[in-house]
Amino acid sequence: MTKSNEYTDSSRATVNRRSFLKGSGAVAAATALHSPAVEAEPQAAANVVSGATTITLNVNGGDHKVTVEPRTTLLEALRSQLELTGAKPVSSDGSSGASTVLVDGKPVMASTTLAMAVTGKNIETVESLGGEDTDAVPRAFVKHDAQQCGFCTPGFVVAVRALLNKNPDATESQIRQGLNGNICRCGTYNNIIKAALDVVKGGV
Amino acid sequence: MKNFEYAAPCSENEVLQLLSDQSGQTELLAGGTDLVGLMKKMIVTPDRVVNIMEVPTLKNIEAVDGGGVAIGATVTLDEILAHPYLEDYPAITDAILGINSMQLQSQGTLGGEILQRPRCWFYRNGQELLDTGQISGGDNRFHAIFGNNGRSKFVQSSRIAPALCVLAAEARVIGPSDSDIQMIPLLDLFRTPRQEGQREHTLLPNQLVTHLVLPPVNGGLNATYEVRQGAGPEFPLASAAVSLELDNQQRVHQARVVLGQVAPTPWSSAAAADALMGQPLDAQAAETAGLAAVEEATPLSHNGYKVQLAQVAVKRAILRAAGLETGGL
């Protein structure tokens, strides 16, 4: 089987099937597939956290200290401690997409992300797209009247931004496909698609 | 959400040390798209959550010597979609594309996707997973049409598991002790719970799936087809994955057919595979295999419609693998 060259450098050397299974031997050890038998890490038990703990979250380019419990979601930390109320609580299980934020550039649901799980990661909320130098996506939403009640809007704005960061020339069908994880109960989808297409065309 | 202890270990060994041998006391957290919602509803109430996203050995996609690919359990679905090693495995990428939500694709992981809990709406609303009358006597439109004669009437929810099963993937499982390592064929990873509290898989509470290992396809064809109500992110009503090998007369000489969303486990159909053997890969063979797949279906009171959808899923997965897919049902 021919493999792309970019994945055949030494750090991604192939792993022998038997050593992979047994988890021993030089080939497996040379890759990231540490076996228990050759595990270099000592027995240091990982830090078990319980109760309120102060952690640092990097949000919109700055470090912020928040005090959270293990069960605190990223959405709760953003809204109730950092006063970043753009991301919205709609569904508890993330099915609405209204709590979409970017973590290391990828769109994720803050409502199903634990705050402690994103320490050390780069978190961007819808607020980072506003301010004096407002991003083209929220400007296009205003221009095309792409909101009705507005509750889903921040999630859609972040999702469109994430989609266009990955694919700046997205077609209408790619935009429709990409926004499937966001729901608008008012049904203002057409104007959201128009706004996203306008950003692609550089019209805002 | 009930409060819990939290740990984010950095090695597979540390993960094992943090896991309880009692079912339900500890839960593994990967992307969180399923577990966090279940914990909010107090359907899952662990004493400790072990986040495995910081373990570097679980995050790689690697070529296996002699052909094949090993995918780490916490590789996210969008990483799988974008990876050149997966070009030979359209059954997997078809299934991930079907998930149809950027957020779920970038947050969700392969290990989490295949071990997600059932989407049964009784279970998700705080009732028991196994039938005590609420399913057999209630609205069971989304429930099982195979393997449903016991109290398990939910459907296995993974979108990717049928594809992994037809591709003969194996799960690399470690634990309970550091030296315990085994390779489990994916179909054997799933089981039908017979009593309340049993999980839908055969893993011990203190075992960890580290990788899914795919053998090489060796020129074989594979595909997944999902029947969904619309183009949105909802779960399919029925799905099927197939893998096929042709001999030099272009007749099928090896076939695997596994259905999804129709039984408490991924549902392997030997009847559909047998119907394909020795046949040329055409619309007639696909139709016959679809019919064979559902011959022994046992629908519940409100899900008879799923029988035809399962039949169509098998037919269209075969056509898609053969490159013959056409529109309409």
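Chain letters run A, B, ... following the sequence lines, proteins first and then strands; every chain starts at 1.
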I183(A) versus chain B, the contacting section by heavy-atom distance below 4.5 Å
neither
In residues 101-120 of chain B, which residues are in contact with chain A at a heavy-atom separation under 4.5 Å?
S101(B), M102(B), Q103(B), L104(B), S106(B), Q107(B)
Keeping the roles fixed (side chain from Q207(B), backbone from G175(B)), state whether a donor-acceptor pair exists under 3.5 Å.
yes
Heavy-atom pairs under 4.5 Å with chain A - which of G219(B), G37(B), G32(B) has more of them than the others?
G32(B)
Could you tell me which portion of K41(B) (side chain, backbone, both or neither) has an atom closer than 4.5 angstrom to a non-hydrogen atom of chain A?
side chain
Residues R172(B) and E12(B) bridged, charged N to O under 4.0 Å:
yes
Which of the residues N3(B), V36(B), N100(B), N51(B) is involved in the greatest number of heavy-atom pairs with chain A at under 4.5 angstrom?
N3(B)
Backbone N or O of L19(B) within a donor-acceptor pair of the R48(B) side chain at under 3.5 Å?
no
Between T113(A) and chain B, with a heavy-atom cut-off of 4.5 Å, which part of the residue counts as in contact: side chain, backbone, both or neither?
both
Chain A contact via D34(B) - which portion, at a heavy-atom distance below 4.5 Å
neither
Report which part of E54(B) has an atom under 4.5 Å of a heavy atom belonging to chain A: side chain, backbone, both, or neither.
side chain
For T125(A) and N60(A), what are the C-alpha separation, side-chain angles and deciding distance, and is it a side chain to side chain donor-acceptor pair (under 3.5 Å)?
CA-CA 7 Å; T125(A) 68; N60(A) 298 336; 2.9 Å; yes
Do we see a donor-acceptor contact under 3.5 Å between the side chains of D93(A) and S95(A)?
yes
By a 4.5 Å heavy-atom criterion (distance strictly below it), what part of L29(B) contacts chain A: side chain, backbone, both, or neither?
side chain
So, do L81(B) and L77(B) sit near enough that their side-chain heavy atoms are less than 4.5 Å apart?
no
If only atom types and distance count, is the side chain of Q25(B) paired as donor or acceptor with the main-chain N or O of Q22(B) below 3.5 Å?
no
